[in-house]
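Just so you know, these numbers come straight off a predicted model, no measurement behind them. Read the numbers this way: they start at 1 and go in the same order the structure lists the ligands and their atoms.
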Amino acid sequence: VRLPAGCCGKARCCGTMREPLPYAAVLLACVAAFHVPDAHGFLPRMPGPGVAVTCRHHARSLASGPLFSTAEDDPTEKALDAMTAFTNRYTKITGTYLCAEASVTAVVVKGLAEHKVSLGAPLCPCRYYEDKEAEAKAGYWNCPCVPMRERHECHCMLFLTEDNDFAGKEQVIDAQEVRRLSGTM
Ligand code: SF4
């Protein structure tokens, strides 16, 4: 199997293409590298000779036709951009800081974005709900939730007061960083 043009050959998923491994093995390697499984749903539609198997990251860079969706028309991507922008604004409004461990921020933002798409509201992703739809309608746990609005309490550690042991020095995070750290690219 030939590597697609432009492939860095360093990513674990694409690196496996150097060997003529069966698709299942390549897919497992990709999943192990935190690529979401649905990223490979397009596999039968890959264009061109020699581009038999690739990961979503490289598919994006190789995409040239309407077979591929882009960030502009993907609701989850749009929501992720929106929730990142919201997070960056809200830290400044409230004088709070992001977690020193950026992957915590990334996973929470991703969870909020997923709820925004599936429920129509950014329901807090750090809680268990018997009925998510009902909770989203009730609004108490829609981000920023009532405890955050009233007392600056964020149990997800998305917004941390300066004196919190887990608070970092940053008030903003880049959407691409969110994607990278949350395993969505
Ligand atoms: Fe948002 Fe509240 Fe969840 Fe923090 S605890 S992420 S403020 S909903």
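Within 6.0 Å of OH in Tyr129 there are more than 12 heavy atoms belonging to other residues, nucleotides or ligands.
For atom 2 (Fe) of ligand 1, the set of nearby N, O or S atoms under 2.8 Å includes one belonging to Cys145. Not one N, O or S atom of Cys126 sits under 2.8 Å from atom 1 (Fe) of ligand 1.
Atom 1 (Fe) of ligand 1 has as its closest protein heavy atom Cys143 SG, 2.4 Å. Here the protein heavy atom with the shortest distance to atom 4 (Fe) of ligand 1 is Cys154 SG, 2.3 Å. When hydrogens are left out, the protein atom nearest atom 8 (S) of ligand 1 is Cys124 CB, 3.3 Å; that is the closest non-hydrogen contact.
Nearest heavy-atom pair across Leu181 and Ala102 is CD1-CB, 3.6 Å.
Two residues are said to be in side-chain contact when any heavy atoms from C-beta on lie closer than 4.5 Å; Leu80 and Lys116 fail this criterion. Between Pro122 and Met83 the shortest side-chain heavy-atom distance falls below 4.5 Å.
Judged purely by atom type and a 3.5 angstrom limit, Thr91 uses its side chain to pair as donor or acceptor with the backbone of Gln171.
Relative to atom 7 (S) of ligand 1, the option among Glu153, Met148, His152, His115 with the closest non-hydrogen atom is Met148.
Under 4.0 angstrom from ligand 1, the non-hydrogen atoms of His155 come from both its backbone and its side chain.
Between Trp141 and His155, the ring centre distance stays below 6.0 Å.
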